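See below for the structure under consideration.
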2 protein chains.
Amino acid sequence: MSPNIETMLIEKGIQPTAMRMLVLDCLLKQSSATPMTELESELHPADRITIYRTLKTFEEKGMVHAIDDGSGATKYAICVEDCSTTGHHDLHVHFNCNICKQTTCLPNTSVPELKLPEGFVPAELSLIVKGVCPGCSNR
Amino acid sequence: MSPNIETMLIEKGIQPTAMRMLVLDCLLKQSSATPMTELESELHPADRITIYRTLKTFEEKGMVHAIDDGSGATKYAICVEDCSTTGHHDLHVHFNCNICKQTTCLPNTSVPELKLPEGFVPAELSLIVKGVCPGCSNR
DNA sequence: ATAGATAATGCAATCCTATTGCATGCAATG
DNA sequence: CATTGCATGCAATAGGATTGCATTATCTAT
């Protein structure tokens, strides 16, 4: 396990317990947004509820963001650097592959300006694109 | 009940049963996207499962679109006119009010062009904005 | 270092939405 | 009028999300 896992937690104001370090470590190893079930099996036999609450805590502290890609299960991904600086979280696009069902964060694809009708005050934004990811289109 | 409800169903290739006309009528009266629970109580004592399956049918036939706004319950709204013509459905923005929790379709707010990274092939797109709606910001 | 306070963990149980199986009823068709 | 197919209604289940409560670990101040 990377030695700076503990530091990462402390920097976000999260008490670095063994459990939380395990969860964070697991999340860091993922190449795409990860559902509870995945974490459950990877961290087995850790308690499901504890993982659930750990993710809640991570989310509140800005360590991860939750993505609802319509699959029915919430997925979690580590927040990229600019989350902490801007205070806005999750402003990037998420891509959900129709074939492999993986959800990938696209931090470099910024969300364009939107002109909402009079009276609508935007606060957060969620943009999910469904289609075929590079891995699946090459096969 | 509007007399053209039956026509609307037929035009979409949906057999116009009494139940389906009731559900469609109810949907037409809504000012924002409607969750199952809402339809359930409005159409009481109609069977929950039947409403559920009716909505599934409506969705398949392009009569309504389903919106997952992260509230945990899928919401349904009548497809606007351009759904049928372009073949694309649900290409408009949805606005979810943090105060009244209502989800409104914004058909006039088009989704801007996106430049995805190499290899990502987009098919569908879902854009949900959270914030405060006109009704709630005026109070 | 120790005691008390505070927070994290683990287990059980529950809520709620989504979904399927199966039997019955209705309707169009020949 | 019989047949066939779809719609409906009821029951049951699956699965994710969430809370209560008792136990354990961790932190803080002395």
Side-chain angles (χ1 to χ4, degrees), chain A residues 5-27 33-61 63-77 96 101 103 126, chain B residues 5-6 8-10 12-27 33-61 63-77 96 101 103 126:
Chain A
I5 295 237
E6 186 169 356
T7 313
M8 289 180 65
L9 286 169
I10 293 172
E11 279 173 357
K12 293 282 185 177
I14 304 169
Q15 200 170 121
T17 67
M19 193 68 232
R20 287 169 177 175
M21 290 196 282
L22 277 173
V23 174
L24 177 53
D25 183 59
C26 189
L27 281 171
T34 314
M36 266 292 298
T37 49
E38 177 74 16
L39 291 169
E40 243 178 275
S41 54
E42 295 214 16
L43 295 172
H44 189 271
D47 185 65
R48 186 188 330 145
I49 314 300
T50 303
I51 300 174
Y52 167 75
R53 278 195 267 232
T54 299
L55 290 171
K56 278 279 179 198
T57 304
F58 282 9
E59 198 190 348
E60 281 165 16
K61 300 290 187 176
M63 173 66 81
V64 304
H65 55 261
I67 307 154
D68 183 349
D69 63 3
S71 68
T74 305
K75 293 178 180 175
Y76 298 87
N96 179 236
K101 304 299 178 193
T103 294
S126 154
Chain B
I5 295 234
E6 186 170 355
M8 289 180 68
L9 287 169
I10 294 172
K12 293 282 185 178
I14 304 169
Q15 199 169 122
T17 67
M19 192 69 232
R20 287 169 176 173
M21 290 196 282
L22 277 173
V23 174
L24 177 53
D25 183 60
C26 189
L27 281 171
T34 314
M36 265 293 296
T37 48
E38 177 73 16
L39 291 170
E40 243 177 277
S41 53
E42 295 216 15
L43 295 172
H44 189 271
D47 185 64
R48 187 188 326 144
I49 315 300
T50 302
I51 299 175
Y52 166 74
R53 278 195 267 231
T54 299
L55 290 170
K56 278 280 180 199
T57 304
F58 282 8
E59 197 189 351
E60 282 165 15
K61 299 290 187 175
M63 174 65 80
V64 303
H65 55 262
I67 308 153
D68 185 348
D69 61 4
S71 67
T74 306
K75 292 178 180 174
Y76 298 87
N96 180 236
K101 304 300 178 192
T103 293
S126 154

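Order of the sequence lines sets the chain letters (A, B, ...), proteins ahead of strands, with each chain counted from 1. Owing to the predicted nature of the structure, the values given are computational and were not obtained by experimental measurement.
Between A/Tyr52 and D/dT18 there is a side-chain N or O to OP1 or OP2 distance below 4.0 Å. Distances shorter than 4.0 Å separate none of the side-chain N or O atoms of B/Thr37 from OP1 or OP2 on C/dC16. Dashed line: the shortest gap from a side-chain N or O of B/Lys56 to OP1 or OP2 of C/dT19 is under 4.0 Å.
In this structure, the CE atom of A/Met21 is 15 Å from the P atom of D/dA25, given to the nearest Å. Atom CG in A/Asp68 sits about 13 Å away from atom P in D/dG16, given to the nearest Å. The distance between atom CD of B/Glu59 and atom P of C/dA18, rounded to the nearest whole Å, is 11 Å. In this structure, the CG atom of B/Leu39 is 11 Å from the P atom of C/dA18, given to the nearest Å. Distance, A/Ile10 CD1 to D/dT26 P: 13 Å, rounded to whole Å. In this entry the distance linking CZ of B/Phe58 with C1' of D/dA7 reads 12 Å, nearest Å. With rounding to whole Å, B/Ile51 atom CD1 is found 15 Å from C/dT19 atom C1'.
Applying the salt bridge (charged side-chain N to carboxylate O under 4.0 Å, His left out) definition to pairs two or more places apart or across chains, none involves residues 50-61 of chain A.
Using modelled atom types, one finds a donor on one side chain and an acceptor on the other under 3.5 Å when comparing B/Asn96 with B/Thr103.
Qualifying salt bridge (Lys or Arg N to Asp or Glu O under 4.0 Å) partners for B/Glu40, counting only residues two or more places apart in sequence or in other chains: B/Arg48. Partners of B/Glu38 by side chain to side chain donor-acceptor pair (under 3.5 Å), not counting sequence neighbours: none found.
Residues B/Leu39 and B/Leu27 meet the side-chain proximity criterion, which asks for heavy atoms closer than 4.5 Å. The closest side-chain heavy-atom distance from A/Thr74 to A/Leu55 is not below 4.5 Å.
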Side-chain donor/acceptor pairs under 3.5 Å, residues 13-23 of chain B, sequence neighbours excluded:
unit_1, atom_1, unit_2, atom_2, d
B/Thr17, OG1, B/Arg20, N, 3.2
B/Arg20, NH1, B/Gln15, O, 3.1

Query - Test side-chain contact (heavy atoms from CB on, under 4.5 Å) applied to B/Phe58 and B/Leu9, step by step - result: CA-CA 9 Å; B/Phe58 282 8; B/Leu9 287 169; 3.6 Å; yes
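Looking at every heavy atom in both residues, B/Ala77 comes nearest to B/Ile67 through CB-CD1, 4.2 Å.
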I'd like a list of close polar pairs between nucleotides 8-12 of chain C and the protein, N/O only, cut-off under 3.5 Å.
unit_1, atom_1, unit_2, atom_2, d
C/dA8, OP1, A/Arg20, NH1, 2.8
C/dA8, OP1, A/Arg20, NH2, 2.7
C/dA8, O5', A/Arg20, NH2, 3.3
C/dT9, OP1, A/Thr17, OG1, 2.6
C/dG10, OP2, A/Thr50, OG1, 3.1
C/dG10, O6, A/Arg53, NH2, 2.6
C/dC11, N4, A/Arg53, NH2, 3.3

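Comparing the axis of the opening five pairs of the helix from C/dA1-D/dT30 to C/dG30-D/dC1 with that of the closing five pairs yields an angle of 30°, rounded to 10°.
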